[in-house]
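The structure appears below as structure tokens.
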Amino acid sequence: MSLSDHIEKLDKDLFLFINQAGNDVMDPLMIFASHRGAWIPFYAFLLYLLIRVYKKRTYLFFITVSLCVFLSDKLSVYLKNGFERYRPCHNAELAELIRLPDGCGGQFGFVSSHAANTFGLAFFITLFLGRNYRWLPYVMVAWALFVSYSRIYLGAHYPLDVIGGAAVGFVAAFLATVAHRRLDQRFFSNEIPHS
């Protein structure tokens, strides 16, 4: 068995272990975790923290957070269409083995857009607020892991889809951070540096 075959088998085995461990009690929680609208209060809380620290500079975050989410989303879709790796729920070999508490989703799954978006936002927010709120990086990473885990649990993604999504999120956060710092320097360079 080649290394790539071994990795693919491990990916499928881990996926099946997580997916088949599901139950009727956990299903609603995992569906909630995967529903993007469910996190609006959390996003509002992050906005509140940004306003507390950056005050009038917060509007710049609207631009660069939007850039981060846009990049992570577009890159993940581009990779899905490029790799054309079927989601587990579209894999005929696994069809009889998996649980689908929330339906299947699109045809291709590598990389996970949920993972790309959540990890992108987690990395980005941590870079700007992590030193002001030392507990926040732990919350952001736990949130991104929770959402990403839910995608495997629900049968929408393999673990490698999620890991690939996290990597895409990191790249998007890095690019958005570079853009943010350049814009901040251009428009706010004469002001007293923020703490």
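In this chain, residues are counted from 1 in sequence order.
In terms of modelled atom types and a separation under 3.5 Å, the side chain of N19 and the main chain of Y153 share a donor-acceptor contact. Checking side-chain atoms of E84 against main-chain N and O of F108 turns up no donor-acceptor pair under 3.5 Å.
When hydrophobic clusters are built by joining Ile, Leu, Val, Met, Phe, Trp and Tyr residues whose side-chain heavy atoms come closer than 4.5 Å, directly or via intermediates, F17 is grouped together with M30. One hydrophobic cluster, built from ILVMFWY side chains closer than 4.5 Å, cannot hold both I7 and F15; they sit in different ones. Linking Ile, Leu, Val, Met, Phe, Trp and Tyr residues whenever their side-chain heavy atoms come within less than 4.5 Å leaves F119 and Y78 in two separate clusters.
Ionic pairing of D13 and K9 is present here: one or more N-O contacts between side-chain nitrogen and carboxylate oxygen are shorter than 4.0 angstrom.
Counting only residues at least two apart or in different chains, side chain to side chain donor-acceptor pair (under 3.5 Å) contacts with residues 157-169 comprise R85-D161, R87-H157, N91-Y158, H157-D161.
In this structure, CG on L129 lies 10.5 Å from CZ on R52, to the nearest 0.5 angstrom.
A 6.0 Å sphere centred on OH of Y138 holds no more than 12 heavy atoms belonging to other residues, nucleotides or ligands. Crowding of F83 atom CZ: a count of heavy atoms from other residues, nucleotides or ligands under 6.0 Å not exceeding 12. Around CG of D24, the count of heavy atoms belonging to other residues, nucleotides or ligands within 6.0 Å does not exceed 12.
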Donor-acceptor pairs under 3.5 angstrom involving side-chain atoms of residues 33-40: please list them, not counting sequence neighbours.
from: S34; atom 1: OG; to: S150; atom 2: OG; distance (Å): 2.7
from: S34; atom 1: OG; to: R151; atom 2: NH1; distance (Å): 3.1
from: H35; atom 1: ND1; to: G37; atom 2: N; distance (Å): 3.3
from: H35; atom 1: ND1; to: A38; atom 2: N; distance (Å): 3.3
from: R36; atom 1: NH2; to: H114; atom 2: ND1; distance (Å): 3.3
from: W39; atom 1: NE1; to: A33; atom 2: O; distance (Å): 2.9

Side chains of residues 166-181: which donor-acceptor partners sit under 3.5 Å, not counting sequence neighbours?
from: T177; atom 1: OG1; to: A173; atom 2: O; distance (Å): 2.7
from: H180; atom 1: ND1; to: T64; atom 2: OG1; distance (Å): 2.9

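Under the 30°/60° scheme for interplanar angles, the aromatic rings of F61 and F128 are found to stand perpendicular.
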*Evaluate side chain to side chain donor-acceptor pair (under 3.5 Å) for S113 paired with K80, printing each intermediate quantity in order.*
CA-CA 9 Å; S113 295; K80 277 179 185 152; 2.8 Å; yes

